[in-house]
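See below for the structure under consideration.
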Amino acid sequence: LVLCAAVALGAQGTKLSVPYTQFKLPNGLNVILHRDTSVPVVSVNVWYHVGSGNERPGRTGFAHLFEHVMFEGSMHVPEGEFDNWLEAAGGNNNGSTTNDRTNYYEDMPNNALELALFLESDRMGFLLDDKAPDKINGQRDVVKNEKRQSVDNQPYGQAFIELPALLYPAGHPYSWSTIGSMEDLTAASFEDVARFFRTYYVPGNASLVIAGDIDIDATRKMVEKWFSDVPAGKQPVPPINAPTVVLDGVKKKTITDRVQLPRLFLAWHTPAVLKPGDAELDIVANVLSGGKNSRLYKRLVYDMQIAQDVNAVQQSQALDSNFMIIATARPGQTLDKIQAVIDEELDKLRAAPPEPREVQRAINQYEANFFRGMERVGGFGGKANQLNSYYQSAGTPDYFQRDLDRYRALTPADIKAAVEKYLPKDRRVELSVVPGEKK
Amino acid sequence: MIADFGARKLALGLTMVAALSAAVLAQSPDRSKPPAIGPAPSLKMPAIQKQKLSNGVAVWIIEHHEVPLAQINLIVRSGSAADPIGKYGVGSLAAAMLDEGAGTRSSLELADALEFLGANLSTTSSFDYSAIRLSVPVSKLGDALPLMSDVALRPTFPASDLDRLKKERLTTLLQARDNPAALIQLAFPRVVFGPTHRYGTSANGLPPAIEAFTVADLQAFYRAHYRPDNATLLVVGDVTPASLMPMLEKAYGSWKTEGMAALVAAVPNAPQLKSRQVFLVDKPDAPQSQIRVGWVGVPRSTADYAALEVLNTILGGSFTSRLNQNLREEHGYSYGASSAFDMRLSAGPFMAAAGVQSDKTGESVKEFFNELDRIGTLVPEDELKKAKNYVALSFPGEFETTGDLARKLEELVVYNLPDDTFSKFVGAVTSVTAADLQKIAARYIQPDKMAVVVVGDRKSIEGPIRQLNLGPVNIITIDELFR
């Protein structure tokens, strides 16, 4: 079970702890096991430490296209059977790609654990067979439709292509979107897939978490059985060489889209995940737009009613993070007016710390959400995925309590300092999407 | 660097084992076939403890001691289906207004108090019921319950907050004009159920009605439906009845029934569609077409529930379903295709759905009908077995969290289902035969009578759609969807 000494929340006695067993196979695969018997299910979660940030120019969107190919079968798993066999065992699966990593999971009844280990080990060790070129063509079409559905056919969708290009210099690993461009998706070849697989999909660049209603010793033996013959990588995974990015002024751009209402995006470079400033900016985001009393929501949406919505978010990433404020104008209202109010509120936080209750309210919500995050084992939001996430970002899987402690330690003065230091008015991206023809 | 950053602190905080695994070198496992799977675990259904408050309100409790959280859901057995004609959307707006001022607190004061406790409170409604749901750290349950009962029992419906929410909803509808996925959600039910049947209009309602709503409208809906004789309390979490019941009694025990009992006639089943027609909503230059094919489906009370779950899993309810395999994996026309029976107190819609690239709209509609026709022929045994296993074996995963469990209780309460519904479900699924599926497919999936609704770029898709000769083609303007 999850919690030791689960007493009053907020009291110092509460400790979040997710006990785990960790070991490495000789081929370099990191393995983390966690037992939770609340329901008879198990989640197998694999992270490969490669994302769109590892792509090369001319092949944007490739890490994500590759993720799709991973589900199309491998040397000992005929095309289509990955899903067929899992569904026949009552299992579900998915994968996702970000700038920094690609993750995969299978959730299923615990009797089917070995099936998932067979499938995961086979695609980790033996993905490419003679049908791979056809699979790439098939998934290329699917991914293009994913782009049409989630970007091109979405109001304001183009903003998420523009923002990385405005925030980062050309060639920076974060300067393109994970979904990539249609041209680059068209250009991706079988040779690209083979090279990417050999370079990044090696056990030493992966981490396997198995969490749920398992027997630790038997599971360990099963992992050794299925993953020991996965070949180790031939050379070290090439590091990303990215210079620190600093904006030297305001980068302003306006684009048109077939939308009824204008939307404003403000974006800054902020500290990387778990670095000093990262937790502060999570709390800044809550003080600005978390709930009806938050400063921007209350002024723009509740009191003045000149915005339909406003959201602030610290998007934490490995190389550097982005802080964003996004607001949509009400009919007849202008983005200039909205931006002026946002700047007034940021100025207030630069001039004086927030009230202690505002900060405590935000921390209390974070604390409760940590507990909610302990309820589920599988999926993208469960403990299995979080163990892998902490392993990648903090170097240790059971970072739950120390992560929460980052927030608990914050004071109103810290929040003021973070706004002053990281959200300058004169060094940021200002992107407006206004009604017109789609570009 | 991502990987380096993780590895640098590898030695920190290992609570148990950190060592190289005992080598199992050069010993390759047999990969010639997938490993055999042992017997499936059985789910021990958690016990429902049924109690009553002094005023008769039923309280159902499931103890769930994994995490120190409590989930309290107050269910009111009236939803948007109870909206009077001409006031479609009033039930939804009444639910949304519950936490915009209650007891002695304003909207902002309520939000502040709840958030300070780390509580999540939501007030929502669907066609079938309304719900106030509270998730709170169990140590703060005593502080949060009085706030929740204020919201449920003493909402003040401030006029200024109503005005604000109305504008918010009208703006959301204005924004729906930008988004084909939002437009199809308005267009499809309107075509299948018509503009007068309650299921033909979205639960939130449309601009003319929303603009006219007054505080009195909301109060009338509230008084008629938010009553102890129409409500049930569902509790799941790190609680015991002994400690919980006094708190609930204090918060809800004084809630009294006033006036006559709520009399709500169920929404009548809509007349079934008689002949196939196409409805095209023009969204100029859309890179994808949103397609829905369907008609009036079944109510939740159907005796064919388990068989329909299996049938729909095969047709479009899973990744390996026929629609998804065809439109996504085989043809690459779409990011995903699916189907669903939306089962409500009365017969909700059946629909097959996908977003497809515009230049393949005609081909895609044709493939929809290929699959809708083919589901009427006998399903091969191995495909049936896979679907039955998928439905039955993934079922325990739906009972994991306090929120999951509370939603399962809601289903029992709202649809008047027997307590052993969930423990019998797996057996019912297991006994479904291919002949059963063929029988229900013939009844519930008749492609030659279904409506085909498409939101897309008319100038490029109308020709290919007409060439399919599916039936009369009707053009709907975006404006019509909002009247």
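By convention in this document, chain letters (A, B, ...) are assigned in the order of the sequence lines, proteins followed by strands, and residues within each chain are numbered from 1. Only this structure's heavy atoms are used, side chains among them; waters, hydrogens and symmetry mates stay out.
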Practice problem: Side-chain contact test, heavy atoms from C-beta onward, threshold under 4.5 Å: evaluate it for B:Q288 versus A:N145 and give yes or no. | Solution: yes
When the 4.5 angstrom heavy-atom criterion is applied to B:S358 and chain A, the contacting part is neither
Greatest number of non-hydrogen atom pairs under 4.5 angstrom with chain B, of A:M108, A:Q365, A:R357, falls to A:R357
Is it the case that the side chains of B:E168 and A:Q305 hold a donor-acceptor pair, with the cut-off being a distance below 3.5 Å and no angle test?
no
Hits for side chain to side chain donor-acceptor pair (under 3.5 Å) against B:S394, two or more places apart or cross-chain, chain-then-number order -> none
Cut-off 4.5 Å, heavy atoms of chain A, and the answer for B:A181 is neither
Cut-off 4.5 Å, heavy atoms of chain B, and the answer for A:R372 is both
Under 4.5 Å to a heavy atom of chain A? For B:S42 that would be backbone
Applying salt bridge (charged side-chain N to carboxylate O under 4.0 Å, His left out) to A:D83 and not counting sequence neighbours gives none
* Asked: Hey, are the side chains of B:E363 and B:H331 touching, using non-hydrogen atoms and a 4.5 Å cut-off?
  -> no
Honestly, the part of A:K144 sitting under 4.5 Å from a heavy atom of chain B is neither
In terms of heavy-atom pairs under 4.5 Å with chain A, the winner among B:P39, B:P287, B:G38 is B:P287
Of B:A182, B:P284, B:G403, the largest count of non-hydrogen pairs under 4.5 angstrom with chain A goes to B:P284
Treating A:D257 as the side-chain partner and A:Y156 as the backbone partner, does any N or O pair qualify as donor plus acceptor under 3.5 Å? yes
Bottom line for A:F126: the part with an atom under 4.5 Å from chain B's heavy atoms is side chain
Under 4.5 Å to a heavy atom of chain A? For B:N120 that would be both
Turns out that what part of B:V391 lies under 4.5 Å from chain A's heavy atoms comes down to neither
Please tell me whether A:N364 and A:Q360 have a donor and an acceptor in their side chains that are separated by less than 3.5 angstrom.
yes
Report task. Would you verify whether the NZ or CZ of B:K408 falls within 45 degrees of the ring axis of B:F399 while also being under 6.0 Å from that six-membered ring's centre? Result -> yes
Counting heavy-atom pairs under 4.5 angstrom with chain B, the leader among A:D152, A:L117, A:N84, A:L261 is A:N84
When the 4.5 angstrom heavy-atom criterion is applied to A:V142 and chain B, the contacting part is both
Whatever's closer than 4.5 Å to a heavy atom in chain A on B:D457 counts as neither
Cut-off 4.5 Å, heavy atoms of chain A, and the answer for B:D404 is side chain
Have A:E146 and B:Y335 got a donor and an acceptor in their side chains that come within less than 3.5 Å? yes
Next on the checklist: Check for me whether A:R220 meets the cation-pi criterion with A:F23, that is, NZ or CZ under 6.0 Å from the six-membered ring centre and within 45 degrees of the ring axis.
Outcome noted: yes
task = Check whether any side-chain N or O of A:N388 sits under 3.5 Å from a backbone N or O of A:S207 as a donor-acceptor pair, and report yes or no.
result = yes
When A:L113, A:N92, A:N110, A:V377 are each screened for side chain to side chain contact (heavy atoms under 4.5 Å, CB included) with A:S43, the one that passes is A:V377
The interface call for A:W85 against chain B, heavy-atom contacts under 4.5 Å, is side chain
Under 4.5 Å to a heavy atom of chain B? For A:F82 that would be neither
Cut-off 4.5 Å, heavy atoms of chain B, and the answer for A:Y366 is neither
Between the CG atom in B:L134 and the CG atom in B:L121, the distance rounded to the nearest 0.5 Å is 5.5 Å
Here the pair of heavy atoms bringing B:A406 nearest to B:Q71 is CB-CG, 3.7 Å
Turns out that what part of A:Q154 lies under 4.5 Å from chain B's heavy atoms comes down to side chain
Heavy atoms of A:Q392 and A:W47 approach each other most closely as OE1-CE3, 3.3 Å
Q) In terms of side-chain geometry, is the basic nitrogen of A:E114 or A:K225 positioned less than 4.0 Å from the acidic oxygen of its partner? A) yes
Looking only at A:A89, A:P40, A:P155, A:A362, most heavy-atom pairs under 4.5 Å shared with chain B are made by A:P155
Honestly, the part of A:Q317 sitting under 4.5 Å from a heavy atom of chain B is neither
Ranked by heavy-atom pairs below 4.5 Å to chain A, first place among B:A36, B:S107, B:A387, B:A119 goes to B:S107
Per-residue tally against chain A (heavy atom, under 4.5 Å) across B:D161, B:L170, B:L327, B:D382 peaks at B:D161
Okay, A:V301 and chain B: the region with an atom under 4.5 Å from a heavy atom over there is both
Highest number of heavy-atom pairs under 4.5 Å with chain A among B:K385, B:E329, B:H64, B:E383 belongs to B:E329
Counting heavy-atom pairs under 4.5 Å with chain A, the top scorer among B:G397, B:P180, B:S160 is B:P180
Most contact-rich option vs chain B, by heavy-atom pairs under 4.5 angstrom, among A:K147, A:E79, A:Q308, A:R140, is A:Q308
- Between the side chain of A:T396 and the main-chain N/O of A:Y399, is any donor-acceptor distance below 3.5 Å? no
Notebook entry, point to check: Is the backbone of A:G90 close enough, under 3.5 Å, to the side chain of B:N389 for a donor and an acceptor to pair up by distance?
Noted result: no
If one checks every heavy atom of B:T172 against chain A at 4.5 Å, the contacting part turns out to be both
Bottom line for A:S150: the part with an atom under 4.5 Å from chain B's heavy atoms is neither
The interface call for B:K44 against chain A, heavy-atom contacts under 4.5 Å, is neither
Applying a strict 4.5 Å limit to non-hydrogen atoms, the region of A:E72 in contact with chain B is side chain
Answer key: most heavy-atom pairs under 4.5 Å with chain B among A:D141, A:N111, A:V223 is A:N111
Looking only at A:N153, A:V39, A:V41, most heavy-atom pairs under 4.5 Å shared with chain B are made by A:N153
On a heavy-atom basis, the closest approach of A:G291 and A:Y297 is O-CB, 3.6 Å
